[in-house]
Amino acid sequence: MKNIRKLLIVILALLCAFSLAFAVACDDKSADKGTDVIDDGGSGEQGGEQGGEGGGETEQDYLVIGWYDKTSTSGLDAEQMAEFETALKLFLAENGATLDDLAKVRINPYGEGGSVQDLTADVIAAGNVDILLGVGGNIDGETDGNDYLKDYVLEKVGGIDMGLKTRYIARLTDNEVVNAVFSWIQTEDGRASLVPEAQARAHYLVLGWYAADTEGGTSGLTQEIIDNFEVALKDYLQEQGATEAQLNDVIIRSYIGSVGEVGVTINTDGDVDVLIGVGANITSKGGVATAARNDSVAMGGKTRSVARLNSDEITVLVYNWLVAGSASESLAPIETL
């Protein structure tokens with residue numbers, strides 16, 4: 001299916017190039033051509049504010065999609081966005097966009113490797129972004145006290161899988177094309193364009209636990225508790241159909257240090273599926289983007305957080321098992337067993 005989409009978009013691109021070359025060669029100002037085209041209103045309100053200074057006409061983009069260029073946070077990279085562009089242009093073509101329209105669709109990265117503040121600054125400076133992909137729920141300034149794009153976000157929707165992450169999309173402008181695309185991204189086809197066809201995983205499951213500064217300190221967890229937990233976890237996975245090879249590919253990794261230090265290491269590793277023993281500040285202070293988090297799970301004689309970092313089937317299965325309290329006995333302090 002993906003190869004067919006690629007072939008179709010190549011054909012569209014070739015047709016687009018031919019039509020533009022033909023128009024130039026003919027020197028025929030066909031502004032009065034009268035073709036029926038969905039009017040995008042100058043790429044939304046932001047795009048409409050950018051006029052052509054100096055008296056000449058400035059050609060407006062048909063649609064501008066921005067994405068957070070920090071893969072460890074957004075889950076997106078240039079390769080995945082190329083797949084998204086293919087699917088997007090097919091959707092637009094099927095819904096009346098002309099070849100000239102498709103040539104004016106922009107897919108731009110913002111905030112390269114930086115913070116949300118960097119992303120915000122880039123988007124505001126661009127001034128023409130219609131839809132933003134790969135952001136967090138805080139993009140509109142509602143969750144952590146920072147304004148970010150508070151004055152620009154008209155609508156945001158979460159729970160969208162992107163790469164190995166689950167993130168938000170945000171709509172910054174309001175016109176027929178932008179609204180149609182924003183809705184399409186939330187459909188099965190739109191969502192499929194934002195995740196690899198077969199997501200490559202280095203391991204069957206990677207579970208990280210917070211060992212803090214000293215074993216059993218902040219998190220209450222010790223290596224002894226984790227050894228008991230590993231047995232229970234693998235028993236559970238086997239009950240769910242995991243093979244011997246898959247069970248041998250379960251990685252349980254300790255993280256030691258401050259929340260900030262642990263966050264940097266987790267993001268650098270980039271393969272952790274589930275975290276246990278962390279605090280509610282794992283995102284705000286640790287900088288680790290989570291797809292889901294529960295802050296009331298008993299372990300090591302304390303109440304700590306369990307965080308899910310992506311949304312594949314096994315990760316969700318293990319996360320739900322932990323949050324339901326099914327692993328509580330294996331996570332209890334050794335002396336109470």
Tell me, please, which residues at least two apart from Lys285 pass side-chain contact (heavy atoms from CB on, under 4.5 Å). Val259, Asn281
If we ignore angles and hydrogens, is there a donor and acceptor under 3.5 Å between the side chains of Asp227 and Gln223? yes
Tell me, do Ile160 and Thr166 make a side-chain contact under 4.5 Å, heavy atoms counted? no
What residues, two or more places apart in sequence or in another chain, satisfy side-chain hydrogen bond (donor to acceptor under 3.5 Å, both in side chains) together with Gln246? Thr243
The criterion is side-chain contact (heavy atoms from CB on, under 4.5 Å); which residues satisfy it with Ala280, sequence neighbours excluded? Arg293, Asp295, Ser305
Could you pull out all residues at least two apart from Asp269 that satisfy salt bridge (Lys or Arg N to Asp or Glu O under 4.0 Å)? Arg253
Which residues pass the side-chain hydrogen bond (donor to acceptor under 3.5 Å, both in side chains) test with Glu155, sequence neighbours left out? Arg171
Yes or no on side-chain contact (heavy atoms from CB on, under 4.5 Å) for Thr303 and Val297, after CA distance, side-chain angles and deciding distance? CA-CA 5 Å; Thr303 299; Val297 180; over 6 Å; no
Result for side-chain contact (heavy atoms from CB on, under 4.5 Å) between Leu207 and one of Asp273, Thr315, Val274, Leu275 points to Val274
Can you find a pair of side-chain heavy atoms, one from Phe182 and one from Val157, that are under 4.5 Å apart? yes
Side chains of Phe84 and Leu133: closer than 4.5 Å at any heavy-atom pair? yes
Qualifying residues under side-chain hydrogen bond (donor to acceptor under 3.5 Å, both in side chains), relative to Asp122, sequence neighbours excluded: none
List for me each residue that meets salt bridge (Lys or Arg N to Asp or Glu O under 4.0 Å) alongside Arg191, sequence neighbours excluded, and say none if there are none. none
Residues which pass side-chain contact (heavy atoms from CB on, under 4.5 Å) with Ser183, listed by chain and number, not counting sequence neighbours: none
Go through the structure and list residues passing side-chain contact (heavy atoms from CB on, under 4.5 Å) with Ser328, not counting sequence neighbours. none
I'd like to check the side-chain hydrogen bond (donor to acceptor under 3.5 Å, both in side chains) partners of Arg308; sequence neighbours left out, ordered by chain and number. Ser311
Once ring-ring contact (aromatic ring centres under 6.0 Å, His included) is applied, do any residues pair with Phe91, and if so which ones, sequence neighbours excluded? Trp184
Side chains of residues 108-120: which donor-acceptor pairs under 3.5 Å do they make with residues two or more places apart or in other chains?
residue: Asn108; atom: ND2; partner: Tyr110; partner atom: OH; Å: 3.3
residue: Ser115; atom: OG; partner: Gln117; partner atom: N; Å: 3.3
residue: Ser115; atom: OG; partner: Gln117; partner atom: OE1; Å: 3.2
residue: Ser115; atom: OG; partner: Asp118; partner atom: N; Å: 3.3
residue: Ser115; atom: OG; partner: Asp118; partner atom: OD2; Å: 3.2
residue: Asp118; atom: OD2; partner: Ser115; partner atom: N; Å: 2.9
residue: Thr120; atom: OG1; partner: Val116; partner atom: O; Å: 2.9

So do Val123 and Leu172 actually touch side chain to side chain, heavy atoms under 4.5 Å? yes
Using a strict threshold of under 4.0 Å (side-chain N to carboxylate O), is an ion pair present between Lys156 and Asp140? yes
Determine, step by step, whether Asp61 and Arg106 satisfy the salt bridge (charged side-chain N to carboxylate O under 4.0 Å, His left out) criterion, reporting the C-alpha distance in whole Å, the side-chain angles of both residues, the deciding distance to 0.1 Å, and the verdict. CA-CA 7 Å; Asp61 292 320; Arg106 310 285 177 237; 3.0 Å; yes
Ion pair Asp161/Lys165, N-O distance below 4.0 Å: no
